[in-house]
Amino acid sequence: MLRTLTAPLFALCLAATPAGAQFFQFGQPQQPYQQYPPKPQAPAQPKPGLPPLGRAQPPGAPQSAPPVPPQIVSAPYDHDLQRLAEILGALHFLRGICGSNEGQKWRTEAQALIDAEAPAGDRHDQMVASFNRGYRGFQQSYRSCTPAAGVVIQRYLEEGAHIAREITARYAN
């Protein structure tokens, strides 16, 4: 857990430069994170003439219920991780239009966080949706870098660093 949040925390701390020192250039924004759904796989069919794996049941015995898949347990800090993913999405868009020349830095940080915390399942989908919500929320209202965008960037850098520090302090071993 500590290693998971160290990289985003470090990136947020390094990027927390004064907003007035940035050069504002206009460019094309990057695209949000897109998660392609996994390809569905056909269920494995037993070969004809072979019994299914597991305990053999005598003929005429009632069929047992299929095993219940394990419940995905959410972590107590999932809400904070989703907020951090949303902040990273917003930074990915805003730093792009404000000419920071960081490329895919914030998307890469979000991807590393998602891969480390929730490589698949509902948690993964929720974190991806949070990143995209942060990106698209500002994409709809900002076409160019403004002084207000600079303020938002600074506040989000501080909030993201605070969240990463809090999660690490509270839940790291």
Side-chain angles (χ1 to χ4, degrees), residues 1-37 71-173:
M1 173 59 144
L2 180 59
R3 283 184 269 141
T4 303
L5 292 175
T6 303
L9 175 62
F10 185 68
L12 287 167
C13 289
L14 285 179
T17 58
Q22 297 175 8
F23 294 101
F24 298 111
Q25 298 175 354
F26 304 106
Q28 295 297 321
Q30 300 292 324
Q31 293 300 315
Y33 177 76
Q34 295 179 1
Q35 176 64 33
Y36 298 103
Q71 294 289 331
I72 296 176
V73 179
S74 64
Y77 49 84
D78 273 352
H79 177 72
D80 292 331
L81 286 181
Q82 288 176 15
R83 177 65 182 150
L84 186 57
E86 187 174 353
I87 288 170
L88 292 172
L91 287 172
H92 181 59
F93 178 77
L94 291 171
R95 297 284 285 193
I97 65 169
C98 287
S100 66
N101 296 325
E102 294 172 333
Q104 298 289 314
K105 176 182 178 178
W106 300 107
R107 184 187 184 283
T108 303
E109 292 294 334
Q111 183 65 52
L113 179 66
I114 292 168
D115 289 345
E117 283 295 323
D122 289 339
R123 287 181 71 209
H124 175 269
D125 296 343
Q126 290 171 352
M127 289 180 70
V128 168
S130 295
F131 178 90
N132 289 338
R133 183 174 46 252
Y135 184 94
R136 290 188 180 121
F138 285 98
Q139 183 184 36
Q140 293 174 355
S141 52
Y142 284 89
R143 300 289 182 244
S144 62
C145 191
T146 64
V151 170
V152 170
I153 289 170
Q154 189 62 36
R155 288 183 181 170
Y156 274 10
L157 288 171
E158 291 169 3
E159 182 182 354
H162 175 75
I163 290 171
R165 278 192 307 270
E166 287 293 315
I167 292 173
T168 303
R170 187 175 299 156
Y171 299 104
N173 292 334

Can you name the closest pair of heavy atoms from I153 and C98 and give their distance?
CD1-SG, 3.9 Å

R123 (side chain) donor-acceptor with E117 (main chain) under 3.5 angstrom:
yes

From S130 atom OG to I87 atom CD1, the distance as rounded to the nearest 0.5 Å
10.5 Å

Contacts of Q126 meeting side chain to side chain contact (heavy atoms under 4.5 Å, CB included) (sequence neighbours excluded), chain-then-number -> Q82

Smallest separation among heavy atoms of W106 and R95, with atom names
NE1-CG, 3.7 Å

CG of D80 to CZ of R170, rounded to nearest 0.5 Å, is 7.0 Å

Quick check: do E109 and L91 have side-chain heavy atoms less than 4.5 Å from each other?
no

Ring pair (Phe, Tyr, Trp, His ring centres under 6.0 Å) partners for Y142, two or more places apart
F138

Check whether the side chains of R165 and T168 place a donor and an acceptor atom closer than 3.5 Å, and report yes or no.
no

Within the side chain of N132, is there an N or O that forms a donor-acceptor pair under 3.5 Å with the backbone of A129?
no

Residues Y77, E166; criterion side-chain contact (heavy atoms from CB on, under 4.5 Å); working and verdict
CA-CA 10 Å; Y77 49 84; E166 287 293 315; over 6 Å; no

Pairs satisfying salt bridge (Lys or Arg N to Asp or Glu O under 4.0 Å), at least one member in residues 147-156, at least two apart
none

Roughly how far apart are I97 CD1 and T146 OG1, rounded to 0.5 Å?
7.0 Å

Cation-pi check for Y156 against R83: NZ or CZ below 6.0 Å from the six-membered ring centre and within 45 degrees of the axis, yes or no?
yes

Side chain to side chain contact (heavy atoms under 4.5 Å, CB included) involving A169 - partner list, sequence neighbours excluded
none

CG (D115) and NE2 (H124) are apart, to the nearest 0.5 Å, by 6.5 Å

Closest non-hydrogen contact found for Q104 with R107 is OE1-CD, 3.0 Å

Euclidean distance, L88 CG relative to Q111 CD, rounded to 0.5 Å
11.5 Å

Gap separating the CE atom of M127 from the CG atom of L113, nearest 0.5 angstrom
4.0 Å

